[in-house]
J.: 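The structure is given below, and queries will be raised subsequently.
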Amino acid sequence: KWKQLSRLQQNMIIFLLAFLILCGFLSYIHMADQWKALSGKPTEERKMMPEIPPVLPAPQKADASPAFSKMLPQRPRKHFRRGPPHLQIRAPNTDSKAGTQDDTKEQAAAPGDAHQEENTQRTVISWRGAVIEPEQGTGVPLRRAEAPAKPSPLVTRMQKEPAVLNERQEGVMEAFRHAWKGYRQFAWGHDELRPVSRSFSEWFGLGLTLIDALDTMWILGLKQEFEEARTWVSQKLSFKKDVDVNLFESTIRILGGLLSTYHLSGDRLFLRKAKDFGDRLMPAFMTPSKIPYSDVNIGTGVAHPPQWTSDSTVSEVTSIQLEFRELSRLTGVKKFQEAAEEVTRHVHHLSGKKDGLVPMFINTHSGSFTHLGVFTLGARADSYYEYLLKQWIQGGKQETQLLEDYLAAIEGIKTHLVRHSEPNKLTFIGELTHDRFSAKMDHLVCFLPGTLALGVHHGLPADHMELARALMETCYQMNRQMETGLSPEIVHFNLYPPTDNLDVKVKPADRHNLLRPETVESLFYLYRTTGDRKYQDWGWEILQSFNKYTRVPSGGYTSINNVQNPHKPEPRDKMESFFLGETLKYLYLLFSDDQNLLSLDTYVFNTEAHPLPIWALS
Ligand code: DMJ
């Protein structure tokens with residue numbers, strides 16, 4: 001019968017069989033991962049592990065979250081909206097004064113004698129020969145914030161007396177003013193400027209760019225712009241809206257932005273807004289596993305995962321802790337810190353890691369990692385590593401589990417992900433998929449040299465600095481080797497000598513640049529920690545490239561589609577809020593020679609570049 005079939009029919013049958021076998025094989029791999037994940041015993045393991053002592057003592061006051069405090073764990077709903085929402089603004093609530101009337105300026109009250117307990121126990125951590133001791137005189141971060149922390153006198157003074165700027169800082173100032181001009185004219189109060197079409201786009205409908213940029217304006221001393229934005233926050237910003245927000249994105253940009261602006265300005269309006277917003281995010285944590293859903297409606301209090309899965313992204317659920325912990329410290333309401341730290345504890349005990357490296361997804365029902373065997377330092381995992389270190393710093397270097405996880409992860413990175421490219425032997429971080437190495441690196445990974453340098457500044461092993469310097473050079477080359485001098489979103493490194501002299505290859509789909517901050521963020525840390533001026537020079541080159549290829553004459557800067565075509569970079573017509581919140585702020589700090597301008601010993605920057613105080617030293 002087979003022989004009677006035509007060649008075409010035979011080929012079709014062979015193709016069909018091959019396809020079915022391939023599908024079977026792939027689903028077997030997928031199922032095997034799921035079974036492996038489910039066979040872990042997180043609950044039992046959790047019982048056996050010692051609890052991290054709470055950083056805050058129990059609050060004296062009752063929990064002040066009337067709206068959501070009695071809610072039960074929620075099941076995901078079937079229908080959900082993704083992407084830019086159609087806002088349905090509810091009728092104003094008459095029983096609340098929040099958000100719609102002009103708040104008179106509320107400066108922070110003189111700090112009360114914030115209750116602070118001394119911990120006499122000193123912890124020593126030994127990690128493969130490196131001994132790390134908490135710094136002398138660093139108190140344990142057990143404190144109840146009955147009164148708000150005192151705003152930094154240094155930064156307050158800065159705002160009153162404009163500092164003398166050097167030429168490069170003036171360059172950043174000019175860039176900021178130009179960006180702000182576009183936002184103010186065409187997108188005021190909206191989420192993002194679309195500079196080419198002179199319009200705006202909405203994501204959450206909460207004035208994202210304005211909030212993200214508040215502390216940058218304060219730091220740059222842009223008084224008039226700051227005051228105008230403050231008035232908008234006071235008169236127009238209301239969180240009483242039927243709108244879905246992404247928990248991670250809104251935490252790092254909105255909550256983080258409000259908290260840092262409160263610290264810098266001492267204006268309690270920002271703390272009040274932060275508390276209101278924090279309350280509205282809390283339903284996201286009401287899941288069977290306590291691993292938060294990715295999205296929450298801040299008006300209705302209904303939280304849910306993305307439409308296609310009940311998984312959350314690992315970096316998202318593990319990069320909200322700096323902000324929630326700080327909110328608890330300031331308000332004395334411990335639920336924020338407890339919910340966020342429960343996630344940290346849970347992830348600490350999970351199986352599915354590889355030498356400290358974490359997978360990219362976690363299930364909100366089972367609480368287990370999913371899609372096992374895939375490891376990256378890029379999208380969906382990046383800031384997990386960053387927040388291990390930064391929480392440890394925030395809490396006065398007392399929470400040793402965080403440090404242990406961070407140190408283990410750096411060793412895992414060195415063992416599994418670090419390679420060298422051809423022909424210039426650049427050190428880069430690749431990805432691992434079921435033990436197969438891929439020489440792919442997201443620009444997002446360029447946060448890592450800065451994070452490593454920050455760790456060394458706080459006493460971590462010196463060999464981290466070697467890796468930081470090498471990776472910094474690589475990130476610079478990811479910009480330099482492009483025709484526009486701007487990095488693409490993703491590069492692939494050559495593992496074998498190429499015909500040209502370039503180490504990086506870029507796929508057509510990855511050639512865009514979204515005005516991201518990671519390279520200049522790391523340049524800031526590298527300059528602060530080494531004093532090597534070449535890092536300032538590299539940052540200056542990048543700012544000039546932004547000016548040459550992304551600046552829109554009528555105001556604003558735009559992301560571009562093609563960093564390899566200087567003649568036609570193709571504007572994407574969008575200025576992301578992090579360009580003002582992060583990129584320009586880090587450039588300004590990079591060009592400053594004042595080590596005390598947001599000192600690394602006093603502040604820790606959240607993953608959106610919003611400085612929050614280090615507790616023990618504040
Ligand atoms: C920012 O929102 C944050 O830096 C986040 O950690 C990663 N993505 C953007 C910037 O690239």
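Atoms within each ligand, like the ligands themselves, are counted from 1 in listed order. FYI, the numbering just counts along the sequence from 1.
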J.: With a cut-off of 6.0 Å (strictly less than), are more than 12 heavy atoms of other residues, nucleotides or ligands near NZ of K505?
T.: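 More than 12 heavy atoms, drawn from other residues, nucleotides or ligands, come within 6.0 Å of this atom.
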
J.: Distance alone, cut at 3.5 Å: any donor-acceptor contact between the side chains of E483 and N565?
T.: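 Short answer, no.
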
J.: For S201 and E192, does a side-chain donor sit closer than 3.5 Å to a side-chain acceptor?
T.: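 Checked: S201/E192 side chains pair up, N/O donor to acceptor below 3.5 Å.
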
J.: Hey, which residues fall under 4.0 Å of ligand 1 on heavy atoms?
T.: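 Residue list for ligand 1: I252, R253, L444, R516, P517, E518, F578, E582, T607, E608.
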
J.: Tell me, do Y387 and T318 make a side-chain contact under 4.5 Å, heavy atoms counted?
T.: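 SC-SC contact between Y387 and T318 ruled out.
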
J.: Go through the steps to decide whether S197 and S199 satisfy the test side chain to side chain donor-acceptor pair (under 3.5 Å), and finish with yes or no.
T.: CA-CA 5 Å; S197 56; S199 58; 2.9 Å; yes

J.: Check each of R345, R325, K390 against E399 using the salt bridge (Lys or Arg N to Asp or Glu O under 4.0 Å) test, and report the only one that passes.
T.: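 With E399 as partner, R345, R325, K390 yield a single salt bridge (Lys or Arg N to Asp or Glu O under 4.0 Å), made by R325.
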
